[in-house]
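Every chain is numbered from 1 and lettered A, B, ... according to where its sequence line falls, protein lines coming before strand lines.
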2 protein chains.
Amino acid sequence: MLSGKRQVSEAIRERVMRVVEESGYRPSATARALAHGSTRTFGLVIPPTSEHLVVEQLRFVGAVAEAAAAHDHDVLLSPSGEAHESTFDRMVGERRVDGVIVMETMLHDSRVARLIEEGLPFVTIGRTGAEEAHSWVDLDYAGLVTEAVTRLAALGHERIALINRPQRLLDREYGPAFRALDAFEKAVVAHDLRGTTVCAEDEEESGAEVTRRLLGALVPPPTAIVTVNERALDGVVAALRSARVVVPRDLSLLAVTSEEHARAHEPQIGGADVPTTEMGRNAVEALLRRVTHPEEPLAHVLLSPPFLPRGTEGPAPASA
Amino acid sequence: MLSGKRQVSEAIRERVMRVVEESGYRPSATARALAHGSTRTFGLVIPPTSEHLVVEQLRFVGAVAEAAAAHDHDVLLSPSGEAHESTFDRMVGERRVDGVIVMETMLHDSRVARLIEEGLPFVTIGRTGAEEAHSWVDLDYAGLVTEAVTRLAALGHERIALINRPQRLLDREYGPAFRALDAFEKAVVAHDLRGTTVCAEDEEESGAEVTRRLLGALVPPPTAIVTVNERALDGVVAALRSARVVVPRDLSLLAVTSEEHARAHEPQIGGADVPTTEMGRNAVEALLRRVTHPEEPLAHVLLSPPFLPRGTEGPAPASA
DNA sequence: TTGTATGCGTTATCAT
DNA sequence: ATGATAACGCATACAA
């Protein structure tokens with residue numbers, strides 16, 4: 001009972017503190033966890049490295065670790081993917097953690113099912129199909145894509161392309177890819193435009209390749225591109241430059257990507273930020289509430305960062 | 001004693017297994033850790049997110065998590081930096097882990113001192129000044145930079161620039177930055193060349209800015225650039241393109257960076273790979289040996305990936 | 001081969 | 001206000 005939960009006289013308190021100082025005593029986290037029933041540790045399920053990890057995700061991992069540290073909690077990593085299922089299994093089965101944050105949540109997610117079954121508190125990054133049933137923190141991809149299309153429509157664009165995340169993620173019903181596609185198609189119909197949607201891998205070369213295809217195969221080509229694929233964006237910019245397509249004179253370009261990444265380009269790419277730090281902080285705090293106050297309502301945090309024009313959107317060029 | 005350490009008759013084994021199945025029993029990791037004295041967990045000290053994290057580092061974190069998982073171990077994150085010292089303190093002080101992997105090791109590193117003091121097994125990524133005193137996994141930056149300079153000298157280059165990691169890391173005596181600089185200066189002298197060394201932040205814009213300075217301020221400008229700064233490389237390439245400098249016709253460019261990153265450029269950048277996966281695996285296995293066989297010699301793993309020319313090095317242009 | 005008791009280092013609950 | 005003691009859930013050593 002070293003940690004001040006008891007009424008202690010000043011004298012004895014002094015004495016104890018002195019001994020603690022001198023002997024360099026530190027309580028054992030393991031023993032405390034066993035006795036107290038809480039590990040002061042959160043699990044973080046990260047995407048497999050076999051897929052291309054993006055800077056956004058790294059920043060998020062760091063943000064979670066730092067936010068957890070701010071609340072005196074540690075973070076236990078659990079790589080997901082076929083080969084590493086056992087880690088997740090250990091984490092939840094052996095109760096190594098008080099709660100879990102799940103990255104790259106799918107609309108139908110087996111990990112979420114397992115967590116519900118085990119009754120372990122958790123927060124997902126991105127919503128599942130049963131979004132009312134658990135806490136989540138998500139980015140409003142649908143709203144942001146809709147806004148992008150609306151802006152472009154207002155500027156007179158009639159042919160717009162969406163460069164989405166990898167097809168594999170769409171197939172596995174990855175929320176952001178799924179919702180971006182859905183919102184894009186609806187917005188295109190609403191504004192009576194011609195929309196094209198393509199997937200690119202999370203890598204530059206794929207983004208470049210897809211862009212070349214958009215410019216070459218489509219007749220006439222789109223006058224604006226919207227993308228939610230951070231890594232592909234680099235390739236898009238490179239391909240446009242190679243093709244001597246000047247932004248925004250010949251083509252408008254908007255992206256949902258981390259602000260740091262958007263501003264690293266020349267010109268800086270307009271669009272909305274993926275606020276990784278804020279998402280990490282929100283996730284940790286939501287999880288903490290689930291753990292300490294299970295009776296409180298679930299947290300549903302839908303972040304909608306402002307759209308920042310940075311000069312990469314302009315009026316549609318006179319038709320070809 | 002569920003885990004096969006005891007001689008059990010087949011009959012009772014069956015019975016136990018059946019009950020385990022039916023009741024969904026799972027041993028508690030915490031209780032086991034307390035009784036057995038080992039947590040089956042490794043700590044991983046990551047750089048602060050306030051600095052620009054690079055893809056290399058993210059891949060390394062993932063690689064460590066996956067390598068640890070392959071040996072039935074989990075990974076506990078510890079963000080380093082002023083504000084988060086408490087996390088590290090908890091990790092080692094309260095013995096939440098069996099061992100620690102330290103990223104971004106400095107030549108004089110307080111965390112290493114602490115770990116030695118505590119007698120906790122650990123492996124550093126990069127060497128400290130007392131490299132014989134502990135296990136480490138490092139990349140041979142000195143050797144790779146030397147090879148780059150030697151190659152360029154053989155091609156007739158006489159003015160070569162090194163774009164290093166941020167000045168801040170040099171000031172704090174960060175090994176890779178330190179050794180790259182040292183090796184560069186020695187190689188330049190050995191081949192009787194004119195060398196220029198500059199630091200760039202870990203971001204594109206800084207790389208571009210530094211490159212513009214090299215091309216503009218130096219008269220005559222260098223005919224070759226060597227860099228160990230992954231993020232700055234993007235800026236270097238962009239600045240060269242803007243300045244209409246054609247690689248390798250006008251200038252040779254070599255980089256030590258992750259292969260994935262080097263190949264994402266057009267043209268692909270020649271140089272040496274930063275083998276993050278291999279480093280992660282080596283670090284985990286070295287740490288595992290320290291934990292299980294403390295009497296065995298320390299592991300000193302110096303990785304020296306092959307230099308891969310990819311067409312960005314050519315003969316020195318006829319002098320201006 | 002099998003049952004039983006004690007210890008791991010805390011927290012929490014009793015009496016005092 | 002303080003001291004003693006029982007859990008916490010498992011491993012291990014010792015009896016049986």
Side-chain angles (χ1 to χ4, degrees), chain A residues 1-43 71-74 76 86-87 89-99 118-121 288 291-294, chain B residues 1-43 71-74 76 86-87 89-99 118-121 288 291-294:
Chain A
M1 187 53 60
L2 279 177
S3 314
K5 280 214 178 175
R6 212 168 160 167
Q7 317 285 42
V8 199
S9 75
E10 199 54 32
I12 206 159
R13 163 189 211 77
E14 279 296 311
R15 257 191 348 145
V16 168
M17 283 311 184
R18 229 169 43 84
V19 174
V20 165
E21 279 295 310
E22 287 175 7
S23 67
Y25 167 84
R26 297 294 301 272
S28 148
T30 313
R32 178 193 321 153
L34 182 58
H36 185 261
S38 114
T39 60
R40 299 189 82 71
T41 303
F42 290 148
H71 295 279
D72 286 325
H73 276 249
D74 287 326
L76 197 66
S86 61
T87 312
D89 192 61
R90 263 209 309 279
M91 211 172 65
V92 309
E94 302 183 357
R95 304 209 101 81
R96 293 175 83 89
V97 297
D98 294 345
E118 293 271 352
L120 201 59
L288 207 53
V291 172
T292 56
H293 302 292
Chain B
M1 186 52 60
L2 279 177
S3 314
K5 280 212 178 179
R6 209 169 161 169
Q7 316 287 38
V8 200
S9 75
E10 199 54 31
I12 207 160
R13 167 191 207 77
E14 280 294 310
R15 256 193 347 152
V16 169
M17 284 312 182
R18 228 168 44 88
V19 173
V20 165
E21 279 294 309
E22 286 174 9
S23 67
Y25 166 83
R26 296 294 299 271
S28 146
T30 314
R32 185 197 3 243
L34 183 58
H36 186 261
S38 115
T39 60
R40 298 189 82 73
T41 302
F42 291 147
H71 295 279
D72 285 325
H73 277 248
D74 287 327
L76 197 66
S86 62
T87 313
D89 192 62
R90 262 210 311 278
M91 210 172 64
V92 309
E94 301 183 357
R95 303 210 102 79
R96 293 175 83 89
V97 297
D98 294 344
E118 294 270 355
L120 201 58
L288 207 53
V291 172
T292 55
H293 304 291

A.B. asks: Counting side-chain heavy atoms from C-beta on, which of C/dT10, D/dG9, C/dT2 comes nearest to A/Ala31?
C.D. replies: C/dT10
A.B. asks: Using modelled atom types only, decide if a donor and an acceptor are shared between the side chain of B/Asp98 and the backbone of B/Thr39 within a distance under 3.5 Å.
C.D. replies: yes
A.B. asks: Tell me the interatomic distance from A/Arg6, atom CZ, to D/dA4, atom P, rounded to whole angstroms.
C.D. replies: 11 Å
A.B. asks: For B/Arg95 and C/dT10, what is the distance between atoms CZ and P respectively, to the nearest whole Å?
C.D. replies: 12 Å
A.B. asks: What's the closest nucleotide to the side chain of B/Arg32 if the choices are D/dA11, D/dG3, C/dT10?
C.D. replies: D/dA11
A.B. asks: Assess the residue pair A/Arg40 and A/Arg32 against the criterion (side chain to side chain contact (heavy atoms under 4.5 Å, CB included)); give the C-alpha distance rounded to whole Å, side-chain angles, the decisive distance to 0.1 Å, and a yes or no.
C.D. replies: CA-CA 10 Å; A/Arg40 299 189 82 71; A/Arg32 178 193 321 153; 4.1 Å; yes
A.B. asks: Find the distance B/Gln7:CD to C/dT2:P and express it as a whole number of Å.
C.D. replies: 10 Å
A.B. asks: Between D/dC10 atom C1' and B/His36 atom NE2, what is the distance in whole Å?
C.D. replies: 11 Å
A.B. asks: For A/Arg26 and B/Ser9, find the nucleotide of DNA chain C closest to each by heavy atoms; which residue's nucleotide sits nearer the 5' end?
C.D. replies: B/Ser9
A.B. asks: How far does CG of B/Asp89 sit from CZ of A/Arg26, to the nearest 0.5 angstrom?
C.D. replies: 4.5 Å
A.B. asks: Mark yes or no for whether A/Asp74, through its side chain, and A/Thr41, through its backbone, hold a donor-acceptor pair below 3.5 Å.
C.D. replies: no
A.B. asks: Does C/dG9 have OP1 or OP2 sitting under 4.0 Å from an N or O in the side chain of A/Thr30?
C.D. replies: no
A.B. asks: Between D/dC10 atom P and B/Arg40 atom CZ, what is the distance in whole Å?
C.D. replies: 15 Å
A.B. asks: Which whole-number value in Å describes the distance from B/Leu34 CG to D/dG9 P?
C.D. replies: 12 Å
A.B. asks: Please give, in whole Å, the distance from C/dC8 C1' to B/Glu94 CD?
C.D. replies: 16 Å
A.B. asks: What integer distance in Å separates B/Arg96:CZ from C/dT10:P?
C.D. replies: 13 Å
